[in-house]
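Along the sequence shown, residues carry numbers from 1. Computed from heavy atoms alone, side chains included, the values below leave out hydrogens, waters and symmetry copies. Start at 1 and go down the list; that is how both ligands and their atoms are numbered.
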Amino acid sequence: MAERSRIKKLEVMVSDVKVEAPDTVTLSLFTGNDKLTYEPGNFLTIAPQQFAALERWVEYLQDLKGKKEPPRAYSLASSPDEKYIAITVKEERYTSGSTPYPPLLSPILALRTPPGTKMVVTGFTGPYKLTDEIRKQNDHIVHICAGSGIVPSFSIIKYDLRMNEGSKHTLVYSNKKREDVIFHDDFAQLECEFPDRFNVIHTLTREGDAFDYNDKIRQGRISRNLLSEAIPHPDSTAVFVCGPDHLPWQKKAAREKGEELPPSFLQSTLGFIDELGIPKERITKESYG
Ligand SMILES: Cc1cc2nc3c(=O)[nH]c(=O)nc-3n(C[C@H](O)[C@H](O)[C@H](O)COP(=O)(O)OP(=O)(O)OC[C@H]3O[C@@H](n4cnc5c(N)ncnc54)[C@H](O)[C@@H]3O)c2cc1C
């Protein structure tokens, strides 16, 4: 893709809302005649100040935090060959006694944004992308994702499978429960369309022992063993990792209490990949924390 992405403000209208999981929706965004230039894996940003329903919340949280609420980033779930751009938003939850403030923007986007809603988005940018160089130097691309961290890899995988005949992708995707799996049917469809070039392995951490696990749906967290199975040839594999990491406030709170945080998804995954001998130059990562 020769043309560079340019960042600009776009007025968009929600044209479709698809429920992906109990707390997650995909919003298709109609952009009129604006020419869109983006790469799979890019994100856009949305300023919470623009929503009338959030006006008092924004002012209140800004007073409490003593700073302006920044725009929130959302990866594009769509790919450049598709008609509409789309974002997939998972509602962030408030946990009494542990979350410092109620999450601001994701609840309204995930639960209360019907078709016809207008908003301004700014895009597109981001370093999470499959470059020609990565493609040339590797035979196999392995994506390791958790929760809504799947969104940019979804865009990259479907676009690359459709546009580049030689490419081969494996996805290892971790969720708590089966109902939390975003894009399950889209990935199953891509596996049918590209049986020799695409393989998905799901892992579920909270379904319990009674669940009907199999080769495609494993129990527990992503482990070193699972990754060594997904990456049989570390010398010619590039890895994309996207999912939760510790937020700055979580690190600060732990420091103040003198506690050590358990490794985040991103930390433990990067540790396993390092043990498998994949050098940093072949790892692309994005944190949603
Ligand atoms: C590059 C990128 C791409 C992303 N793509 C997606 C995507 O595709 N889909 C998706 O669902 N999400 C995505 N995210 C996450 C998204 O940007 C938001 O962080 C998420 O939706 C939560 O926003 P919120 O306004 O609901 O919550 P926030 O209001 O941001 O709150 C989130 C948490 O941070 C705490 N917090 C907020 N401010 C402070 C503060 N000043 N001090 C201490 N604690 C604080 C809150 O208490 C809460 O626990 C992405 C993030 C990045 C960086």
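Annotation: side chain of Lys158 is in contact with side chain of Glu82 (closest heavy-atom distance under 4.5 Å).
Less than 4.0 angstrom separates some heavy atom of Phe43 from each of these atoms of ligand 1: 1 (C). Shown in contact with Val151 at under 4.0 Å from a heavy atom are these atoms of ligand 1, numbered in order with element: 8 (O). Atom numbering of ligand 1 starts at 1 in the shown order; those under 4.0 Å from a heavy atom of Leu104 are 24 (P), 25 (O), 26 (O), 27 (O), 28 (P), 29 (O). Atom numbering of ligand 1 starts at 1 in the shown order; those under 4.0 Å from a heavy atom of Val89 are 11 (O). Within ligand 1, counting atoms from 1 as listed, the ones closer than 4.0 Å to a heavy atom of Glu286 are 1 (C).
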Discussion item. Using side chain to side chain contact (heavy atoms under 4.5 Å, CB included), reason through Glu92 and Thr99 one step at a time and then give a plain yes or no.
Written reply: CA-CA 10 Å; Glu92 191 82 27; Thr99 324; over 6 Å; no
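Both the backbone and the side chain of Lys90 come within 4.0 Å of ligand 1, counting heavy atoms alone. Within the 4.0 Å heavy-atom criterion, neither part of Glu91 lies near ligand 1. Counting heavy atoms closer than 4.0 Å to ligand 1, residue Leu61 contributes nothing at all. Under 4.0 Å from ligand 1, heavy atoms of Leu105 appear from its side chain as well as its backbone.
Donor-acceptor pairing under 3.5 Å is recorded for the side chains of Ser153 and Tyr128.
Among Phe154, Tyr101, Tyr94, Tyr74, the residue whose heavy atom lies closest to atom 47 (O) of ligand 1 is Tyr101.
Taking the six-membered ring for Trp and the full ring otherwise, the centers of His140 and His169 sit at least 6.0 Å from each other. For Tyr173 and Phe183, the ring centers are positioned 6.0 Å apart or more. In this structure, Phe43 has its ring center no closer than 6.0 Å to that of Phe124.
Between Ser75 and ligand 1, an N or O atom pair is found at a separation short of 3.5 Å.
At least one heavy atom of Pro107 sits less than 4.0 Å from an atom of ligand 1. Residue contacts with ligand 1 include Ser287, since one of its heavy atoms falls under 4.0 Å from the ligand.
The two atoms that bring Glu286 and Pro127 nearest to each other are OE2-CD, 3.9 Å, heavy atoms only. Nearest heavy atom pair, residue Lys9 against residue Thr122, reads CG-OG1, 3.6 Å.
By the criterion of side-chain heavy atoms lying less than 4.5 angstrom apart, applied directly or through intervening Ile, Leu, Val, Met, Phe, Trp or Tyr residues, Val172 is grouped together with Ile231 in one hydrophobic cluster.
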